[in-house]
There are 2 protein chains.
Amino acid sequence: METQKGLETFRAALCRRHLAVTSQRMKIARAVLEAQDHFTADALLARLKADGARVGRVTVYRTLKVLLEAGLVEERAFDKGRVAYERALGRSHHDHMICVTCRRVIEFESARIEREQRRQAQACGFEVLTHQHTLFGHCRGCRAKRGNGSKA
Amino acid sequence: METQKGLETFRAALCRRHLAVTSQRMKIARAVLEAQDHFTADALLARLKADGARVGRVTVYRTLKVLLEAGLVEERAFDKGRVAYERALGRSHHDHMICVTCRRVIEFESARIEREQRRQAQACGFEVLTHQHTLFGHCRGCRAKRGNGSKA
DNA sequence: CTAACTGCAAATAGTTTGCAGGACA
DNA sequence: TGTCCTGCAAACTATTTGCAGTTAG
């Protein structure tokens, strides 16, 4: 399981920042590392509460910040006004297609795009730290459902 | 000036939606169509007020929605928690590099990326309506300022 | 002249901060 | 045992909605 490795990384990150290893922080980190999909801070809180964990919304936000700086999660801007998180450990980099109808998230990966993107950045003297590439549209399923009609 | 063409398109959009042509709506549309850069709803309001226009924040939001649906502006998610707008008329599609230090926005355009992106979508049966491709990192200027040191 | 538009104020949603009690080292 | 941590409540930011006066058509 990669979760163990992630928890070690998290412990190290806490140590480096002179933060204590608390049961809440570990529970949140574990939940994040075990997440298979994209989630919001609130959804994460709900999942933790459902599992009987005694954690508050505030601690979730604060811990996500640590996880973010430790590189264990990434932030995504799928919906405006809310941030989605995604576990980063043990996953190769990928980008997303969002179905505007059913909100389904499809992941994709393209070495060709990454390469060209790097080239564009270099041409501007720009050093890329992170990037986000998101396509919004209709997924196969929703296209089928609404038929191949020409009208919206 | 492309502004005139944009205003015509806007009038048509209002008409199609059975909305009245009011002085506020026209002022907002004009300001948006003349904007050269990216702006937030609040910045737009400030600019309008500075120009002596009597418009309220609410009307700005409502009008931006119409402009958005008419395809005259596009939304961007550069910062979390706030939406940036950008005039769409008379500009070829482009994407962005954001300097995390000075917040500068650099635009880039790559037919190669667009093509590969289309190919990826097709492979998934996904129909792309819009997309957003944003690189976060350090711009040339900020890299120079902090030297090419290895430490943050 | 009437129905739609405007804009204030209040509500809402997501996230952050101040403070009093509680837990790690 | 002391200090950092937690979590409630309150603050805050961006945005949306209800309502009474105003204006386009």
Side-chain angles (χ1 to χ4, degrees), chain A residues 7 10-32 38-49 51-69 73-86 103, chain B residues 7 10-32 38-49 51-69 73-86 103:
Chain A
L7 289 176
F10 182 56
R11 274 176 197 276
L14 289 177
C15 187
R16 205 177 318 119
R17 303 184 91 211
H18 305 292
L19 297 172
V21 175
T22 66
S23 77
Q24 285 91 335
R25 283 175 179 159
M26 293 315 282
K27 276 176 194 155
I28 293 168
R30 180 179 297 276
V32 166
H38 310 85
F39 55 89
T40 62
D42 237 49
L44 177 61
L45 177 67
R47 198 176 306 176
L48 283 160
K49 293 238 184 192
D51 290 354
R54 296 240 314 82
V55 292
R57 175 180 281 99
V58 181
T59 304
V60 167
Y61 277 108
R62 286 194 276 232
T63 305
L64 277 171
K65 200 167 288 181
V66 178
L67 286 159
L68 189 69
E69 289 170 17
V73 282
E74 286 181 5
E75 288 183 342
R76 306 287 180 189
F78 292 157
D79 293 292
K80 62 177 174 180
R82 80 170 55 193
V83 176
Y85 295 88
E86 175 174 17
R103 285 279 126 196
Chain B
L7 288 176
F10 181 57
R11 274 176 196 278
L14 289 177
C15 186
R16 204 177 318 118
R17 305 185 89 212
H18 306 292
L19 297 172
V21 175
T22 64
S23 77
Q24 286 91 334
R25 282 175 178 158
M26 293 315 280
K27 277 177 195 155
I28 294 168
R30 180 179 296 277
V32 165
H38 312 83
F39 54 90
T40 61
D42 236 50
L44 177 60
L45 176 67
R47 198 176 307 176
L48 283 159
K49 294 237 183 192
D51 289 353
R54 295 239 319 81
V55 293
R57 175 180 281 97
V58 181
T59 304
V60 167
Y61 278 108
R62 286 193 276 232
T63 306
L64 278 170
K65 201 166 288 179
V66 179
L67 287 160
L68 189 68
E69 288 168 18
V73 282
E74 287 182 4
E75 288 182 341
R76 305 288 180 188
F78 292 157
D79 293 292
K80 62 177 174 181
R82 79 171 55 194
V83 176
Y85 295 88
E86 175 174 13
R103 286 278 125 194

Undergrad: OP1 or OP2 of D:dT15 versus the side-chain N and O atoms of B:K65: is any pair under 4.0 Å?
TA: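 Result: no.
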Undergrad: Provide, to the nearest angstrom, the distance between the CG atom belonging to A:L45 and the C1' atom belonging to C:dT15.
TA: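 Result: 13 Å.
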Undergrad: Would you indicate which nucleotide in D:dT6, D:dT16, D:dC5 comes nearest to any side-chain atom of A:A20?
TA: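 Shortest atom-to-atom distance from the side chain points to D:dC5.
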Undergrad: Choosing from C:dT15, D:dT15, C:dT16, which nucleotide comes nearest the side chain of B:V83?
TA: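 Among C:dT15, D:dT15, C:dT16, the one nearest the side chain of B:V83 is D:dT15.
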Undergrad: Please check this pair: side chain of B:R25 against backbone of B:A20, looking for a donor-acceptor N/O pair closer than 3.5 Å.
TA: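 Here the side-chain-to-backbone pair exists.
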Undergrad: Starting from P on C:dC5, measure out to NE2 on B:H18 and report it in whole angstrom.
TA: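 About 11 Å, once rounded to whole Å.
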Undergrad: With a 4.5 Å heavy-atom cut-off, do B:L44 and B:Y85 have their side chains touching?
TA: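 B:L44 vs B:Y85: side chains apart.
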Undergrad: Starting from C1' on D:dG25, measure out to CG on B:L19 and report it in whole angstrom.
TA: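 The answer, rounded to whole Å, is 14 Å.
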Undergrad: For C:dC5 and B:R25 - does any side-chain N or O of the residue sit under 4.0 Å from the phosphate oxygens OP1/OP2?
TA: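 For C:dC5, OP1 or OP2 has a side-chain N or O of B:R25 closer than 4.0 Å.
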Undergrad: How long is the line joining NZ of B:K27 and P of C:dC5, in whole Å?
TA: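 It is 17 Å, rounded to the nearest whole Å.
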Undergrad: Hey, is CZ on A:R103 packed in by over 12 heavy atoms from elsewhere, all under 6.0 Å?
TA: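 For A:R103, atom CZ is crowded (more than 12 foreign heavy atoms under 6.0 Å).
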Undergrad: Could you state the atom-to-atom distance from OH of A:Y61 to P of D:dT13 in whole Å?
TA: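 Roughly 16 Å, once rounded to whole Å.
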Undergrad: Do the side chain of B:R54 and the base of C:dG7 come within less than 3.5 angstrom through a donor-acceptor pair of N or O atoms?
TA: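 For B:R54, whose side chain was compared with the base of C:dG7, there is no donor-acceptor pair (under 3.5 Å).
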Undergrad: When only distance counts, do a donor and an acceptor, one from the side chain of A:R62 and one from the base of D:dG7, lie under 3.5 Å apart?
TA: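 Indeed there is one.
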Undergrad: Which nucleotide sits closest to the side chain of A:V58: C:dC5, D:dG25, C:dT17?
TA: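 Among C:dC5, D:dG25, C:dT17, the one nearest the side chain of A:V58 is C:dT17.
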Undergrad: Pick the closest DNA chain D nucleotide for B:S23 and for B:Y85 by heavy atoms, then say which residue is nearer the 5' end.
TA: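 Its nearest nucleotide lies further toward 5', so the answer is B:Y85.
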Undergrad: Could you work out which one of D:dG7, C:dT15, C:dC5 sits closest to the side chain of A:Q24?
TA: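 Nearest listed nucleotide: D:dG7.
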Undergrad: How many whole angstroms separate atom CG of A:L48 from atom P of D:dG7?
TA: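 The answer, rounded to whole Å, is 10 Å.
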Undergrad: Counting side-chain heavy atoms from C-beta on, which of C:dT6, D:dA14, D:dT6 comes nearest to B:T22?
TA: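 So the nucleotide nearest the side chain must be C:dT6.
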Undergrad: Taking all heavy atoms of A:Q24 and all of A:R54, pick out the closest pair and write down the distance.
TA: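 Heavy atoms of A:Q24 and A:R54 come nearest at CG-O, 3.8 Å.
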Undergrad: Measure the shortest side-chain to side-chain distance between B:M26 and B:F10 over non-hydrogen atoms and say whether it is less than 4.5 angstrom.
TA: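 Sidechains of B:F10 and B:M26: in contact.
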Undergrad: Let me know the distance between CG of A:D79 and C1' of C:dT12, rounded to the nearest Å.
TA: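 Between C1' of C:dT12 and CG of A:D79: 16 Å.
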Undergrad: Using whole Å, what does the distance between atom C1' of nucleotide C:dT16 and atom CZ of B:R82 come to?
TA: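 Whole-Å distance recorded here is 15 Å.
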